[in-house]
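Report on the following structure.
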Amino acid sequence: QLQLVESGGGLVQPGGSLRLSCAASGLTLDDYAVGWFRQAPGNERERILCISKSGGSVNYLESVKGRFTVFRDNTKSTVFLQMNNLKPENTALYYCRVLGRCHGPSKTDFDSWGQGNQVTGSS
């Protein structure tokens with residue numbers, strides 16, 4: 001049974017940084033890719049990046065490229081999202097999702113979501 005625990009959200013000044021974590025249990029995380037998603041009020045949830053099983057391949061949404069970095073520690077079944085130079089426009093709920101792969105929908109994608117972390121970029 002998959003369980004996801006996310007942490008690290010909060011209020012940050014524009015230009016500041018936050019690190020989110022997504023810890024998974026109930027599966028072998030290194031068998032899966034992990035995507036990070038966000039949803040702002042009134043908007044659809046969108047994928048902002050995805051890291052491959054090995055961690056060697058990352059797909060970034062253009063708007064976060066160069067500011068957000070994802071990395072994983074499979075020994076801890078955890079994936080981290082480092083967010084730098086945060087902007088008010090980045091305010092959203094951030095979620096992780098365990099995926100079968102990064103390059104398209106898969107029958108091995110999981111429907112379960114973490115509780116979400118609120119990230120607010122405000123002065």
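These numbers were taken from a predicted model, which means no experiment stands behind them. All values below come from the heavy atoms of this structure, side chains included, with hydrogens, waters and symmetry mates left out.
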Query raised in the report: Looking at side-chain heavy atoms only, is the closest gap between F71 and V58 below 4.5 Å?
Result: no
Query raised in the report: So do N59 and I51 actually touch side chain to side chain, heavy atoms under 4.5 Å?
Result: no
Report summary line: Between L29 and A24 the two heavy atoms that sit nearest each other are CD1-CB, 3.9 Å
Query raised in the report: Under 3.5 Å, side chain of R72 to main-chain N/O of S54, donor-acceptor pair present?
Result: no
Query raised in the report: For residues 104-123, which residue pairs qualify under ring-ring contact (aromatic ring centres under 6.0 Å, His included), counting only residues two or more places apart or in two chains?
Result: Y32-F110, F37-W113, Y95-W113
Report task. To the nearest 0.5 Å, tell me how far R101 CZ sits from T108 OG1. Result -> 7.5 Å
Query raised in the report: By ring-ring contact (aromatic ring centres under 6.0 Å, His included), which residues pair with Y94, not counting sequence neighbours?
Result: none
Per-pair distances, 0.1 Å, donor-acceptor, side chain in residues 61-69, under 3.5 Å, sequence neighbours excluded:
unit_1: E62; atom_1: OE1; unit_2: K65; atom_2: NZ; d: 3.1
unit_1: R67; atom_1: NH1; unit_2: N85; atom_2: O; d: 2.9
unit_1: R67; atom_1: NH1; unit_2: N90; atom_2: OD1; d: 3.0
unit_1: R67; atom_1: NH2; unit_2: S63; atom_2: O; d: 3.1

Requested in this report: Not counting sequence neighbours, which residues clear salt bridge (Lys or Arg N to Asp or Glu O under 4.0 Å) with R97? List them please.
Outcome: D111
Query raised in the report: Does atom CD of Q39 have more than 12 heavy-atom neighbours from other groups under 6.0 Å away?
Result: yes
Query raised in the report: Under a single-linkage definition using a 4.5 Å side-chain heavy-atom cutoff for Ile, Leu, Val, Met, Phe, Trp and Tyr, are L27 and L4 assigned to the same hydrophobic cluster?
Result: yes
Query - Non-neighbouring partners of Q118 that pass side-chain contact (heavy atoms from CB on, under 4.5 Å), sequence neighbours left out - result: T91, L93, T120
Query - Counterpart residues, side-chain contact (heavy atoms from CB on, under 4.5 Å), relative to T78 (two or more places apart) - result: S21, A23, K76, F80
Query raised in the report: Heavy atoms, side chains only, cut-off 4.5 Å: are V70 and V34 in contact?
Result: no
Report summary line: Value for OG (S122) from CG (L86), rounded to nearest 0.5 Å, stands at 12.0 Å
**Report entry** For E46, side-chain hydrogen bond (donor to acceptor under 3.5 Å, both in side chains) partners two or more places apart
**Finding:** R38
**Report entry** Residues that T28 engages under side-chain contact (heavy atoms from CB on, under 4.5 Å), provided they are two or more places apart
**Finding:** D30, D31
Requested in this report: Could you name each residue pair satisfying disulfide (SG to SG under 2.5 Å) that touches residues 5-49, not counting sequence neighbours?
Outcome: C22-C96
Requested in this report: Hey, could you give me the CG/CG distance between L81 and L49, rounded to the nearest 0.5 Å?
Outcome: 5.5 Å
Query - side-chain hydrogen bond (donor to acceptor under 3.5 Å, both in side chains) involving N84 - partner list, sequence neighbours excluded - result: S17, Q82
Query raised in the report: Who are the side-chain hydrogen bond (donor to acceptor under 3.5 Å, both in side chains) partners of T75, not counting sequence neighbours?
Result: D73
Query - side-chain contact (heavy atoms from CB on, under 4.5 Å) partners for A33, two or more places apart - result: C50, L99, C102
Query raised in the report: Do V119 and L11 pass the side chain to side chain contact (heavy atoms under 4.5 Å, CB included) test, and can you show the C-alpha distance, the side-chain angles, and the key distance before you say yes or no?
Result: CA-CA 6 Å; V119 173; L11 177 67; over 6 Å; no
Query raised in the report: Where is the tightest heavy-atom contact between G56 and S52, given as atom of each residue plus distance?
Result: N-OG, 3.4 Å
